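As the structure lists them, so they are numbered: ligands from 1, and atoms in each ligand from 1. All figures in this text were calculated on a predicted structure; none of them were measured in a lab.
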Amino acid sequence: MTTRLLDACLGKPVDATPVWLMRQAGRYLPEYRVLREKLSFIEMCRRPDVAAEITLQPLARFDLDAAIIFADILLPLEGMGIGFHFAAGDGPVIERTVRAAADLTGVHVGDPRTDTPYVLEALRLVARELGGRVPLIGFAGAPFTLASYVVEGDHSRQFAEVKKLMFGEPATFKRLMDLLADTVIAHLLAQIEAGAQVLQLFDSWAGTLGPRDYERFAAPHSQKVLDAVSGRGVPVIHFAGGSVGMLAQVRAAGGDVVGLDWRIDLDRAWAELGEGVAVQGNLDPAVLLGPPDEVERHAADVLRRARRRPGHIFNLGHGVLPATSPDTVARLVEFVHDWNGEG
Ligand code: CP3
């Protein structure tokens, strides 16, 4: 049993730097692709036995310090009355986008027990299987990142529609954000009850906003979620992509740990965040497509900047890319654990 991750979340000293990887279960693993040939991504999520098996796949291969439940941030949308599907090769597509007040008709706060019981069942299965060996991470999307999908309709590059709604119809935008925040709170609380021992809030697209607009339009809703789920003995990781220009605002919104992408040196980010908060990150996932010496050079740089200061969780700055070799991941995990603070 290792409590490294939980200790690091709380800023306590650890025997080795804990490491897990966003999207550690997924297409770069051949055993995932075998299941994926038979089932669609949604079917995999909806079958608790399959989702549990996929969650555990990377742990069978690598000495990871956490499991993260196999699911998706978009799953709660359907129960809110916002249908979506995953188009082959294209990622998620929202069936009826929200771009005006009238589009919110029939959209309501979701209930995880009736909307995504399969996620809760998968959590229970994995928690039982792990038996406390490593902590199990539950997660949800932050309101702004979810709103980006709901308004844009797919994975947008410009975020023009969501910003148009935000600036042009702030009351409608706020109504949508409130519905999303309340839904996310319900899902995260249900995940704790089902066995999640750590939570991560994914605000992958936060950095598309400037710091002032993040502070005004997104952070209050993330803060509401983070406030509602904290103080329950379950540490919370607040991951905000592209947050280099607004670290103070991200920290102020809450979370025991701030998750960083790779666009800032870890020591500089930590200095800006200040005392009393742990830090997760921050290797560029694309580095893992390079040769071993390049991976080690980059990983050593992250670790050197963290200086084995209590409260560092090693991770990538975003999810593992499908073209990554599992051997590279194996070497990375070993390298992080073996790091002795020198070199
Ligand atoms: O981290 C993990 O291992 C847990 C599982 C997990 C998935 N999605 C599985 C998945 C988690 C934590 C997510 C979060 C998620 N989903 C985010 C936030 C983090 C991020 O990546 O920014 C976002 C934005 C989504 C929405 C989403 N889901 C997109 C844009 C896509 C398509 C892009 C892609 O990589 O294919 C998905 C599909 C998805 N979610 C897959 C997996 C393993 C790929 C499904 C497949 O085709 O096999």
Could you tell me if the side chain of [Y] sits less than 4.5 Å from the side chain of [X], heavy atoms only?
X: L35; Y: Q57; value: yes
X: F335; Y: F314; value: no
X: V98; Y: L104; value: yes
X: T208; Y: K163; value: yes

Should Q24 be counted as touching ligand 1, given the test is an N or O pair under 3.5 Å?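 Yes: some nitrogen or oxygen of Q24 is under 3.5 Å from one in ligand 1.
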So which protein heavy atom does [atom] come closest to, and at what separation?
atom: atom 48 (O) of ligand 1; value: Y32 OH, 2.6 Å
atom: atom 41 (C) of ligand 1; value: F41 CE1, 3.7 Å
atom: atom 13 (C) of ligand 1; value: R23 NE, 3.8 Å
atom: atom 47 (O) of ligand 1; value: R36 NH2, 3.0 Å
atom: atom 14 (C) of ligand 1; value: I73 CG2, 3.7 Å
atom: atom 37 (C) of ligand 1; value: F86 CE2, 3.4 Å
atom: atom 31 (C) of ligand 1; value: P92 CD, 3.7 Å

For ligand 1, the portion of [X] having any non-hydrogen atom under 4.0 Å away:
X: R27; answer: side chain
X: H318; answer: side chain
X: T145; answer: neither
X: Q200; answer: neither

Kindly identify the option in [options] whose heavy atom sits closest to [atom].
atom: atom 28 (N) of ligand 1; options: D72, L75, L21; result: D72
atom: atom 11 (C) of ligand 1; options: F139, W20, F84, F70; result: F139
atom: atom 9 (C) of ligand 1; options: A87, A67, A142, A71; result: A71

Compute the centroid of each ring, for H155 and then for W205, and state whether the two points are separated by less than 6.0 Å.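 Yes, the ring centres sit under 6.0 Å apart.
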Are F202 and F144 close enough that their ring centers fall under 6.0 Å?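 Ring centres of F144 and F202 not closer than 6.0 Å.
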Between K174 and D178, does any NZ, NE, NH1 or NH2 come within less than 4.0 Å of an OD or OE carboxylate oxygen?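 Yes.
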State the CG-CD distance between L303 and E296, to the nearest 0.5 angstrom.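 It comes to 11.0 Å.
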Residue F202 vicinity, atoms of ligand 1 by number, heavy atom under 4.0 Å: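 The atoms of ligand 1 under 4.0 Å from a heavy atom of F202 are 12 (C), 18 (C), 19 (C).
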Have Q200 and Q280 got a donor and an acceptor in their side chains that come within less than 3.5 Å?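 Yes, Q280 and Q200 have a side-chain donor paired with an acceptor closer than 3.5 Å.
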